[in-house]
Amino acid sequence: MDRTRLLQVFSEDSIGQDLTVCGWVRSRRESKGVAFIALSDGSTQETLQLVVPAESPAFTELPRCNTGASIRARGVVRESPAKGQKIELEVSEIHIFGDADPEKYPLQKKGHTLEFLREIGHLRPRSNTFGAVFRVRNVLAKAVHDFFQGRGFMWVHTPVITSSDCEGAGDMFTVTSLDLEDVPKKEGQVDFSQDFFGKRAYLTVSGQLEAEFMAMSVGDVYTFGPTFRAENSNTSRHLSEFWMIEPEMAFADLQDDMKLAEDFIQFLCTQVIEKCEKEIAFFEKFFKTISLSQLQDLATKEFYHISYTDALTQLEKARKKFEFPLQWGLDLQSEHERYLTEIVFKGPVVVTDYPKDIKAFYMRLNDDEKTVAAMDVLLPGIGEIIGGSQREERLDMLTKRMKASEIPLEHMEWYLDLRRFGSAPHAGFGLGFERLVQYITGMHNIRDVIPCPRAPQLIKF
RNA sequence: UCCCGGGUAGCUCAGCUGGCAGAGCAGGUGGCUGUUAACCACCCUGUCGGGGGUUCGAAUCCCUCCCCGGGAGCCA
């Protein structure tokens, strides 16, 4: 089909060209002698103004050019004589692909609340806001690969279906092909030996353990794929299905890990600043929850580092009264994290060296034997965006931690093998992709940064 | 899962000390010689979230269930 994308119309010197554009009508304004259509095709934040003079043969098609209708328009690009846009298309021909009955089409040219748009998930990408969110998401996804590929990391495809139930990252969804109307039982329990895989299978909650064996063979790797949590979490920061990025580096310690995390976030931020100028300006103008200068700060300023123990000291000095107690050995609560990022440091904070009992078994025990080489990256307004650690590479230490955490060793022999044969220091982290998109777009609700959000009681499509 | 706040026209919301269901926007029609989520005039719009109860009478009071939002827990 002969078609020029709006992104191209705007980015090139197209004045004087005779071309054809396709898209969806955002709004139509008519007067006696001339009509205007704002057209969007999703390729850019901008809408193209179509000008239809009364004498144009296209004028008769105007009554059908309602908000939401899909059309093709041919015309000549002109410099716009009016304020509001630099160029416009003087239309000679309009073809309507698909009507949109204005009495039934749910989107109107005026704005809608995000809550309402959430109910029409299949149409919301046509709105300014969601078009912008998904364009930024796409730029970020590409930047993830560019960052790691540029540093020689191998993208590894860890499984979506796993038999490993001890990743310690929350409740898991069971994957089964058993007849749920007639489940086979043995000694009162579901007999998974009769299931598809001969044992119980789950949707993955993390690709980390598999990424570790790849890292212990090829050096530096990363995963980027969907992960699943069956937690009954009803918040603006949790999804049941979300995309996670998990780099894993051989011959690396916690310092390397933190450096990678910081470089990574700053690279992604820089890419968005470069490639999503219009989108950022849009978020800044309409939502006021994020600004270009904030993103520039994130992209350039060094992150603050503080140990868990020092963070506790800082929090104890705070005048603010916290709901939850501050006591060495207890995990930091949301209110504590917020205080650190929003009041004390006013920016991203990396908290390191947490007490071993509140962290996962695979994290490397520090020499004090009380803390582990773990780090969390906290962002203002979002909280934890990255959780990472240097992994325990010493067989005896790891076995001890696993026993203490009641991890069944017999299922994890393969994991221990990595420490038996050619073990090496290694480190990695996990980053929740949607939380990053959330921060960078300023969207308050994580359900608004993924096309088809999954959460308890929520599975449209 | 817990704690708050909500659910009334297509959308955003008012009405809630019980007494005829409203406004703005959207939509329709007409007007307007270049508009900018245009403007002016007129018109149309209802399972007051579902169920049950109290009452002469319930959008309004009570019970219950569902859904949405904010916060918390869990986590990324």
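Being a predicted model, the structure only gives us computed values, none of them experimental. Within every chain, numbering begins at 1; the chains are lettered A, B, ... in the order of the sequence lines, protein sequences first and strands thereafter.
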Exercise. OP1, OP2 of B:rC25 versus side-chain N and O of A:Lys110: anything below 4.0 Å?
Worked result: no

For this session: Report the distance from atom CD of A:Glu231 to atom C1' of B:rA72, rounded to the nearest whole Å.
Result: 14 Å

For this session: Ignoring backbone atoms, establish whether A:Ser27 has a side-chain N or O less than 4.0 Å from OP1 or OP2 of B:rA37.
Result: no

Problem set entry | Separation of B:rC67 P from A:Glu115 CD (nearest whole Å) | 17 Å

For this session: Write down the distance between CG (A:Asp331) and C1' (B:rC75), rounded to a whole number of angstrom.
Result: 10 Å

Problem set entry | Whole-Å P distance, B:rU54 and B:rA59 | 16 Å

Problem set entry | Distance, P atom - from B:rC62 to B:rC68, rounded to whole angstrom | 24 Å

For this session: Take atom P in B:rA37 and the same atom in B:rG27, then report the distance between them in whole Å.
Result: 14 Å

Exercise. Is A:Arg78 touching bases, backbone alone, or none of the nucleic acid, heavy atoms closer than 4.0 Å?
Worked result: nothing

For this session: Answer yes or no: side-chain N or O of A:Ser233 and base N or O of B:rC75 forming a donor-acceptor pair under 3.5 Å.
Result: no

Exercise. So does A:Ser334 get a side-chain nitrogen or oxygen closer than 4.0 Å to the phosphate oxygens (OP1/OP2) of B:rG73?
Worked result: yes

Exercise. Between A:Thr227 and B:rA76, is there a side-chain N or O to OP1/OP2 distance below 4.0 Å?
Worked result: no

For this session: Would you please confirm or rule out a distance under 4.0 Å between OP1 or OP2 of B:rG71 and any side-chain N or O of A:Arg237?
Result: no

Problem set entry | B:rC39 pairs with, by Watson-Crick or G-U criteria that keep both distances under 3.5 Å | B:rG31

Exercise. Rounded to the Å, how far apart are A:Glu337 CD and B:rA72 C1'?
Worked result: 13 Å

Exercise. Counting only N and O atoms by type, is there a donor-acceptor contact under 3.5 Å from the side chain of A:Gln294 to the main-chain atoms of A:Ser291?
Worked result: yes

Exercise. A:Arg29 side chain N/O closer than 4.0 Å to the phosphate oxygens (OP1, OP2) of B:rU36?
Worked result: no

Seminar exercise, completed: Testing B:rA26, B:rA76, B:rU1 for proximity to the side chain of A:Leu239, the answer is B:rA76

Seminar exercise, completed: From CD1 of A:Ile440 across to C1' of B:rA76 the rounded distance in Å is 15 Å

Problem set entry | Side-chain-base donor-acceptor pair under 3.5 Å for A:Glu103 and B:rG28 | no

Exercise. Taking atom P in both B:rG51 and B:rC66, what distance in whole Å separates the two?
Worked result: 15 Å

Protein-nucleic acid N or O pairs under 3.5 Å, nucleotides 48-51 of chain B:
none

For this session: Any chance you could measure A:Glu241, atom CD, to A:Ile459, atom CD1, to the nearest 0.5 Å?
Result: 7.5 Å

Exercise. B:rG30 and B:rG18: how far apart are their C1' atoms, nearest whole angstrom?
Worked result: 43 Å

Exercise. With both distances under 3.5 Å as the test, what is the Watson-Crick or G-U wobble partner of B:rU45?
Worked result: none

Problem set entry | Salt-bridge criterion met for A:Arg435 and A:Glu384 (N-O under 4.0 Å) | no

Exercise. Does A:Gln333 place a side-chain N or O at less than 4.0 Å from the phosphate oxygens OP1/OP2 of B:rG73?
Worked result: yes

For this session: Verify the contact: side-chain N or O of A:Arg435 to OP1 or OP2 of B:rC75, cut-off strictly under 4.0 Å; return yes or no.
Result: no

Seminar exercise, completed: A:Arg454 CZ to B:rC75 C1', in whole Å, measures 20 Å

For this session: Assign A:Pro102 to base, sugar-phosphate, or nothing according to its heavy-atom contacts below 4.0 angstrom with the strands shown.
Result: sugar-phosphate

Problem set entry | Phosphate contact (B:rA38 OP1 or OP2) by A:Lys109 side-chain N/O below 4.0 Å | yes

Exercise. With sugar-phosphate meaning primed atoms plus P, OP1 and OP2, does A:Thr67 contact a base, only sugar-phosphate, or nothing at under 4.0 Å between heavy atoms?
Worked result: nothing

For this session: For A:Lys83, report the nucleic acid contact type (base, sugar-phosphate, nothing); a contact means any heavy atom under 4.0 Å.
Result: base

Exercise. So, A:Glu434 side chain and A:Ile446 main chain: donor-acceptor pair closer than 3.5 Å or not?
Worked result: no

Exercise. Using purine N1 to pyrimidine N3 plus N6-O4 or O6-N4 for Watson-Crick, or N1-O2 and O6-N3 for G-U wobble, both under 3.5 Å, which nucleotide pairs with B:rU1?
Worked result: B:rA72

Problem set entry | Members of residues 122-143 of chain A that approach RNA chain B, where some heavy atom sits under 4.0 Å away | none

Exercise. Under 3.5 Å, is there a donor-acceptor pair between the side chain of A:Arg64 and the main chain of A:Asp99?
Worked result: no

Problem set entry | The single option from A:Phe429, A:Phe264, A:Phe148 passing side chain to side chain contact (heavy atoms under 4.5 Å, CB included) against A:Tyr222 | A:Phe148

Exercise. Salt-bridged, A:Asp448 to A:Arg124, with N to O below 4.0 Å?
Worked result: yes

Problem set entry | Per-pair stack call A:Phe242 and B:rA76, 5.5 Å, 30° | yes

Seminar exercise, completed: Closest to the side chain of A:Ser236, out of B:rC75, B:rG71, B:rG10, is B:rG71

Exercise. Between A:Ser31 and B:rU33, does any side-chain N or O lie under 4.0 Å from OP1 or OP2?
Worked result: no

For this session: Without swapping roles, check the side chain of A:Thr4 against the backbone of A:Val9 for a donor-acceptor pair under 3.5 Å.
Result: no

Exercise. Nearest of B:rC75, B:rG73, B:rU12 to any side-chain atom of A:Thr113?
Worked result: B:rU12

Exercise. Would you say A:Thr235's side chain and A:Arg237's backbone share a donor-acceptor pair under 3.5 angstrom?
Worked result: yes

Problem set entry | Atom pair distance, as rounded to whole Å: CG in A:Asp101 and C1' in B:rG10 | 11 Å

Exercise. How far, in whole Å, is B:rC65 from B:rC42 if one measures between their P atoms?
Worked result: 49 Å

For this session: Please state whether the phosphate of B:rA76, meaning OP1 or OP2, lies under 4.0 angstrom from any side-chain nitrogen or oxygen of A:Gln438.
Result: no

Problem set entry | Residues in contact with RNA chain B, drawn from residues 39-66 of chain A - heavy-atom cutoff 4.0 Å | A:Gln49

Problem set entry | Rounded distance (nearest 0.5 Å) linking atom CD of A:Glu103 with atom CG of A:Asp101 | 6.0 Å

For this session: Check every atom of B:rU35, B:rG73, B:rG71 against the side chain of A:Phe36 and return the nucleotide holding the closest atom.
Result: B:rU35

For this session: Select base, sugar-phosphate, or nothing to describe what A:Arg26 touches, counting heavy atoms under 4.0 Å on all strands.
Result: nothing

Exercise. Okay, side chain of A:Thr67, backbone of A:Arg26: is any donor-acceptor separation there less than 3.5 Å?
Worked result: yes

Exercise. Contact class for A:His112 (heavy atom, under 4.0 Å): base, sugar-phosphate, or nothing?
Worked result: sugar-phosphate

Problem set entry | Pair A:Arg391 + A:Asp257, salt bridge at N-O below 4.0 Å | no

Problem set entry | For atom CD of A:Glu30 and atom P of B:rU36, their distance in whole Å | 14 Å

For this session: Quote, to the nearest angstrom, the C1' distance that separates B:rA26 from B:rC13.
Result: 14 Å

Problem set entry | Other residues, nucleotides, ligands: >12 heavy atoms within 6.0 Å of A:Lys259 NZ | no

Problem set entry | Sugar-phosphate, base or nothing in reach of A:Gln85, heavy atoms under 4.0 Å | base

For this session: Under 4.0 Å between any heavy atoms, over every strand shown, what does A:Asn445 touch: base, sugar-phosphate, or nothing? Just pick one.
Result: sugar-phosphate

